[in-house]
Every structure is written in structure tokens, then in C-alpha cells.
Amino acid sequence: MRLFDRTELIGPAEEVARRLLHTVLRVDADGSVVTARIVEVEAYDQDDPASHSFRGRTKRNATMFGPPGHLYVYLSYGLHHCANVVVGPDGRGDAVLLRAVDVIDGLDVVRRRRGERRDLTNGPGKLCQALGIELSHDGVDVCAPGGPVGLFDDGTPPPTTPIVGPRVGLTKATETPWRFSSP
DNA sequence: GGAACGATCTGC
DNA sequence: CAGATCGTTCCC
């Protein structure tokens, strides 16, 4: 498995989001490692009213405006964490929200964190809980070797025809079809 | 200084 | 389908 190349993250958020489907995320949190394949994402860019970066740089979204390949993590509804991969050139507030993964390795760890229930990792909040991603991971470099979170290409290509649809949970730009998932 | 509002999830 | 729950943002 090769670490994902940072230069592959430079480009329009929509294109990079499609490219990130089927890539592999490896998270080493509180002593446990979970590996998972990304199967659903959403693109956000700074010209997009639904994006946190739309109103400019703030303390919360500062990571979005930094170099690509870093994780932007924020707290949603005061309860759940959501994780994005920062994309686009350094200085642009573009990111790809991770919405769902399939667990490859570490299912026991995921069950311990999520409890004995179905629907372990299909949703941005559930995904973060399952992988152990929290606010402390905001800003970590996923293209750097040896970090707590790594993004990998294991040779599985992205789907040629992903399911495309409107993004979820928004009140603005709800018609923009920037949600992509594995068929 | 304060109020309103979430890129959500769960359980009733 | 409503409640949880709190940081961020924006407006007074």
C-alpha cells in the first residue's frame, strides 16, 4: 500500500472527491489501529455557500485553508465529529467530507467503540467514532508516513460510475450534486 | 455579551 | 420525529 501522493489532492474538489473513493484510511488512535475503505464522500469548496470556508478563514476552519492532505475535523451539533481531507492548492478552502467507509481491518475495535449495533460506519459522525477521530486530529497530515492518520492507495481504482447525488443535511446549495458513493 | 444555528445520530 | 448538546459565528 502506497501512501497517497499530496499532489493528487490538488485539483477541483469535485474531481478529487471522486478520486478519493476506494482509497484506504488507516487510523491509529488510543493504541488501536483501524483500516477502512472510503465508500462515500462529499465535495466542498470555498465558492460554495454550503461550505464552512465560504465566509472566509476563521479559527475553526483554518485547516481548510492550509496545504492539501491535512485532516479538517470539526464538532457537529455539539456531539459528533466530522472529518474532511483538505484538497486543492494551499490557500484555497476546499475539502472532501468523509461520509462512509467499509472496515477492512480492526472490526473488533470498531465494535468496542460503536457498540453492538448495525450501521457502524455509514455516516460522518459514526465514521469518526468508529475510527477514533476527534478534534485533536484536526490538522494532521494524512500524506506523511508514521502519522496517526494515513491515506493510502492499495491499487483499488475508484468506481468508474459512482452514485452521484445531492449532499446531505444542508440548507444551502442543496441542489449541487457533489455527493459520491460506491455503487 | 448573547443568541441562533448547525456538513448528525439515536432512541422513543 | 424530536431531543441532545456545545462550539462557532454573527449581530447587537
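Proteins get letters first, then strands, A, B, ... in listed order; numbering begins at 1 in each. None of the values given here were measured: they were computed from a predicted structure.
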Hey, is the side chain of A:Arg114 poking within less than 4.0 Å of OP1 or OP2 on B:dT10, counting only N and O atoms?
-> yes
Salt bridge (Lys or Arg N to Asp or Glu O under 4.0 Å) partner of A:Glu42, the single match among A:Arg18, A:Arg167, A:Arg99 = A:Arg99
Atom CZ of A:Arg118 and atom P of B:dG11: how far apart are they, to the nearest Å?
-> 12 Å
Has A:Arg19 got its NZ or CZ under 6.0 Å from the middle of the six-membered ring of A:Phe4, at an angle within 45 degrees of the ring axis?
-> no
Separation of A:Phe54 atom CZ from B:dG6 atom P, in whole Å?
-> 15 Å
Side-chain donor/acceptor of A:Asn61 to backbone N/O of A:His52, under 3.5 Å = yes
Heavy-atom side-chain contact between A:Leu151 and A:Leu20 under 4.5 Å | yes
Separation of A:Leu127 atom CG from B:dT10 atom P, in whole Å?
-> 12 Å
Less than 4.5 Å apart, any side-chain heavy atom of A:Val96 and any of A:Asn84?
-> no
Give a yes or no answer on whether the side chain of A:Arg114 reaches the backbone of A:Leu120 with a donor-acceptor pair at less than 3.5 Å.
-> yes
Given atom CH2 of A:Trp178 and atom P of B:dA7, what is their separation to the nearest angstrom?
-> 16 Å
Between A:Arg55 and C:dC10, does any side-chain N or O lie under 4.0 Å from OP1 or OP2?
-> yes
Quick one: side chain to side chain contact (heavy atoms under 4.5 Å, CB included) partners of A:Asp141, sequence neighbours excluded?
-> A:Arg6, A:His70, A:Cys143, A:Ala144
Atom CD of A:Glu14 and atom C1' of B:dA7 are separated, to the nearest Å, by 17 Å
Salt bridge present between A:Arg37 and A:Asp102 (N-O < 4.0 angstrom) = no
side-chain hydrogen bond (donor to acceptor under 3.5 Å, both in side chains) between A:Gln129 and A:Arg113, worked out | CA-CA 7 Å; A:Gln129 190 190 1; A:Arg113 293 191 178 126; over 6 Å; no
Please state how far atom CD in A:Gln46 lies from atom C1' in B:dA7, giving the value in whole angstrom units.
-> 17 Å
5'-most contact on DNA chain B (nearest-nucleotide basis), A:Asp119 vs A:Leu97, goes to A:Leu97
Starting at CD of A:Glu40 and ending at P of B:dA7, how long is that distance when rounded to a whole Å?
-> 16 Å
Closest to the side chain of A:Val168, out of B:dG11, B:dT8, C:dT9, is B:dT8
Hey, does A:Arg179 reach any base, or is it just sugar-phosphate, or nothing, if we go heavy atoms under 4.0 Å?
-> nothing
The side chain of A:Lys126 lies closest to which of these nucleotides: C:dT8, B:dT10, B:dA7?
-> B:dT10
What N/O pairs connect the protein and nucleotides 4-7 of chain C at under 3.5 Å? Give each pair on its own line.
from  : atom 1 : to      : atom 2 : distance (Å)
C:dT5 : O2     : A:Tyr77 : O      : 2.6

Which dot-bracket string fits DNA chain C when only Watson-Crick or G-U wobble pairs with both atom distances under 3.5 Å count, crossing pairs get [ ], and | stands for a partner on a different strand?
-> ||||.||||||.
What are the two closest non-hydrogen atoms of A:Arg179 and A:Pro166, and how far apart are they?
-> NE-O, 2.9 Å
Please tell me which of A:Thr171 and A:Gly125 maps to the more 5' nucleotide of DNA chain B, matching each residue to the nucleotide holding its nearest heavy atom.
-> A:Thr171
Can you tell me how far P of C:dT9 sits from CZ of A:Arg57, to the nearest Å?
-> 12 Å
